[in-house]
Amino acid sequence: MKFKDYYATLGVPRTATQDEIKKAYRKLARKFHPDVSKEPDAEARFKEVGEAYNVLNEPETRAAYDKVGRDRENGQDFQPPPNWDANFEFKGSGTETGGSAEFSDFFEALFGGRAGHRRAQQQTRRAHGQDHHAKVEIDLEDAYHGAQRSISLRVPVVDANGQVTTKERTLDIHIPKGIREGQHLRLSGQGDPGFGNGPDGDLYLEIVFRPHPHYRVDGRDVYFDLPVAPWEAALGRSISSPTPDGSVHLTIPPGSTAGRKLRLKGKGIPGTPPGDLYAVLVISLPPANSESAKEAYKAMEKAFDFNPRVHLEG
């Protein structure tokens, strides 16, 4: 996927005000409208201009785009970093799904169905204030035990000069035990103010786990690599291993091979039912960094008639 410079598409600098972006869009939309334009690529250009405006016209999507697009050039290879939009506050509940054929893969990778939902919100006038949503990262251990945390969200605003900036607001939240990645926490009344005497909108927080140096999560199941010595794998051994919920004793069966999964039932993320914890065996070799260690490896070579690549032979 290639990075799209939406500012270049509209022919404006990154410092452009919201009014300058709107004027540039209107000019280009008239120029490339398929019903009036004589340009051979008018329809494609019209869609590109509309996509760029869809992002840059809204303060929250513009601020997020500016963050991920900093120091990137048009046309260079691009892949959104994991959770690149964490702690950015957007309009909408964040539960809407589905993209649109009118937008590029680049747009969908960054913003998904947000634009279509935003247009629907703008066309619906009701007393209830508009909901907001944000993605927040938590530690895996918080899902095991529950926690009270303070989070800081970046809220895009347009200043007196028409520039998009961000302000920060801090919220205290309760993370319930057993929460899964992708679930939403609802903070009542933390969205936009209501109209008239209507209730304020809500803020929905989508939960994602921070990358962990040891554990991988799949639903409620948790995986980790467990290093074992060759003789432990071959002969079997009872060992102690740390887990997100404290140390446990594991039995390595004799004859275990690399990649074998040892299941600890119910030791994954709590729930009804709870997930499982899987220890994936990794064979760790002692270093041959001394004469005695080298001699031990030579003795092992002589003791075994073993070719680990026999399965590759025809």
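Of the possible polar contacts, one joining the T61 side chain to the V55 backbone as a donor-acceptor pair under 3.5 Å is found. Remark: the backbone N or O of F209 is paired with a side-chain donor or acceptor of E181 at under 3.5 angstrom. Between the side chain of Y144 and the backbone N or O of K267 there is at least one donor-acceptor pair closer than 3.5 Å. Between the side chain of E51 and the backbone N or O of S104, at least one donor-acceptor pair lies under 3.5 Å. Formation of a donor-acceptor pair under 3.5 Å by the Q18 side chain with backbone atoms of L56 is found in this model. In this structure a side-chain-to-backbone donor-acceptor pair under 3.5 Å is present from R154 to A86. Proximity of a side-chain donor or acceptor of D131 to a complementary backbone N or O of L203 within less than 3.5 Å is not detected. Of the possible polar contacts, none joining the D142 side chain to the A147 backbone as a donor-acceptor pair under 3.5 Å is found. Between the Q163 side chain and the T15 main chain, a donor and an acceptor come within less than 3.5 Å of each other. Between the side chain of N87 and the backbone N or O of L153 there is no donor-acceptor pair closer than 3.5 Å.
Put simply, NE2 on H132 and CD on Q190 are 10.5 Å apart, with the number rounded to the nearest 0.5 Å. Once rounded to the nearest 0.5 Å, the distance linking CG of D159 with OG1 of T165 reads 5.0 Å. One finds the CZ atom of R72 at 10.5 Å from the CZ atom of R70 (value rounded to the nearest 0.5 Å). Between the NZ atom in K298 and the NZ atom in K302 there is a gap of 8.0 Å [rounded to 0.5 Å]. Atoms CZ and CD1, on R169 and I151 in that order, are 8.5 Å from each other to the nearest 0.5 Å. The CD atom of E206 lies 4.5 Å from the NE2 atom of H184; values are rounded to the nearest 0.5 Å.
No path of Ile, Leu, Val, Met, Phe, Trp and Tyr side chains, each step under 4.5 Å between heavy atoms, connects I252 with Y223, placing them in separate hydrophobic clusters. Cluster membership for L226 and I283, using ILVMFWY side-chain heavy atoms within less than 4.5 angstrom, is shared. Note: the hydrophobic cluster containing L262 does not contain V280 (ILVMFWY, side chain heavy atoms under 4.5 Å, direct or indirect links). Each of V208 and L187 belongs to its own hydrophobic cluster when Ile, Leu, Val, Met, Phe, Trp and Tyr are linked at side-chain heavy-atom distances under 4.5 angstrom. Linking ILVMFWY side-chain heavy atoms closer than 4.5 Å, directly or via other members, places V282 and F224 in two distinct hydrophobic clusters.
One finds no salt bridge joining K23 and E20 here, because no Lys/Arg side-chain nitrogen approaches an Asp/Glu carboxylate oxygen to under 4.0 Å. Ion pairing between D139 and R210 holds under the 4.0 Å rule for side-chain N and carboxylate O. Note on D172 versus R149: no salt bridge recorded, every NZ/NE/NH1/NH2 to OD/OE distance being 4.0 Å or above.
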E60/E89 under side chain to side chain contact (heavy atoms under 4.5 Å, CB included): CA gap, chis, key distance, verdict: CA-CA 7 Å; E60 66 266 21; E89 189 170 331; over 6 Å; no
So I269 and L140, side chain to side chain contact (heavy atoms under 4.5 Å, CB included) or not? Walk me through it. CA-CA 9 Å; I269 294 175; L140 175 61; 4.0 Å; yes
Tell me, with the steps shown, if T257 and L281 meet side chain to side chain contact (heavy atoms under 4.5 Å, CB included). CA-CA 7 Å; T257 57; L281 300 187; over 6 Å; no
Does the pair V36 and R30 meet the rule for a side chain to side chain contact (heavy atoms under 4.5 Å, CB included), with working shown? CA-CA 8 Å; V36 298; R30 286 194 299 268; over 6 Å; no
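No side-chain heavy atom of F46 sits under 4.5 Å from any side-chain heavy atom of S37. By the 4.5 Å heavy-atom criterion applied to side chains, E48 and F32 are not counted as neighbours. Here the side chains of L205 and L171 are not in contact, with every heavy-atom distance at 4.5 Å or above. Side-chain contact between D245 and L277 is absent, with no heavy atoms from C-beta onward closer than 4.5 Å. Looking at L185 and P176, their side chains come closer than 4.5 Å, going by heavy atoms from C-beta outward. Considering only heavy atoms from C-beta on, V49 comes within 4.5 Å of L10 through its side chain. Here the side chains of E58 and P156 are not in contact, with every heavy-atom distance at 4.5 Å or above. Looking at heavy atoms from C-beta onward, R237 lies in side-chain contact with W231 at the 4.5 angstrom threshold.
Considering every non-hydrogen atom in both T17 and R62, the closest pair reads C-NH1, 4.2 Å. Summarising the geometry of M1 relative to P80, their closest heavy-atom pair is CE-CD, 3.7 Å, with the distance given to 0.1 Å. Across all their heavy atoms, A288 and A293 have their closest contact at CA-CB, 4.0 Å. Minimum interatomic distance between D200 and G194 (heavy atoms only, all atoms of both residues): OD1-N, 2.9 Å. Contact between P242 and Y215 at its shortest, heavy atoms only, is O-OH, 3.4 Å. The minimum heavy-atom distance between W84 and L110, with the atom names listed, is CZ2-O, 3.3 Å.
Note on ring orientation: taking the six-membered ring where Trp is involved, the planes of Y7 and Y65 are tilted (angle from 30° to 60°). Using the six-membered ring where Trp is involved, F90 and H133 have ring planes that are parallel, under 30° apart on the 30 and 60° scheme.
Annotation for E141: atom CD counts as buried by contact number, over 12 foreign heavy atoms lying within 6.0 Å. Shown here is E301, whose CD atom has no more than 12 heavy atoms of other residues, nucleotides or ligands within 6.0 Å. In this structure, E73 places its CD atom where only 12 or fewer heavy-atom neighbours from other residues, nucleotides or ligands lie under 6.0 Å away. The 12-atom threshold is not exceeded at CG of D105, counting heavy atoms of other residues, nucleotides or ligands nearer than 6.0 Å. Residue K31 places its NZ atom among 12 or fewer non-hydrogen atoms of other residues, nucleotides or ligands, all under 6.0 Å distant. Under a cut-off of 6.0 angstrom, the local environment of CG in D71 is sparse, with at most 12 non-hydrogen atoms contributed by other residues, nucleotides or ligands. For R14, the CZ atom counts as densely surrounded, since its 6.0 Å shell holds more than 12 non-hydrogen atoms of other residues, nucleotides or ligands.
No hydrogens or angles considered: nothing links the side chains of Y278 and R216 as a donor-acceptor pair under 3.5 Å. Residues N54 and Y25 have side chains that never bring a donor and an acceptor to within less than 3.5 angstrom of each other.
Side-chain rings of F107 and Y6 stay apart, their centers remaining 6.0 Å or farther from each other.
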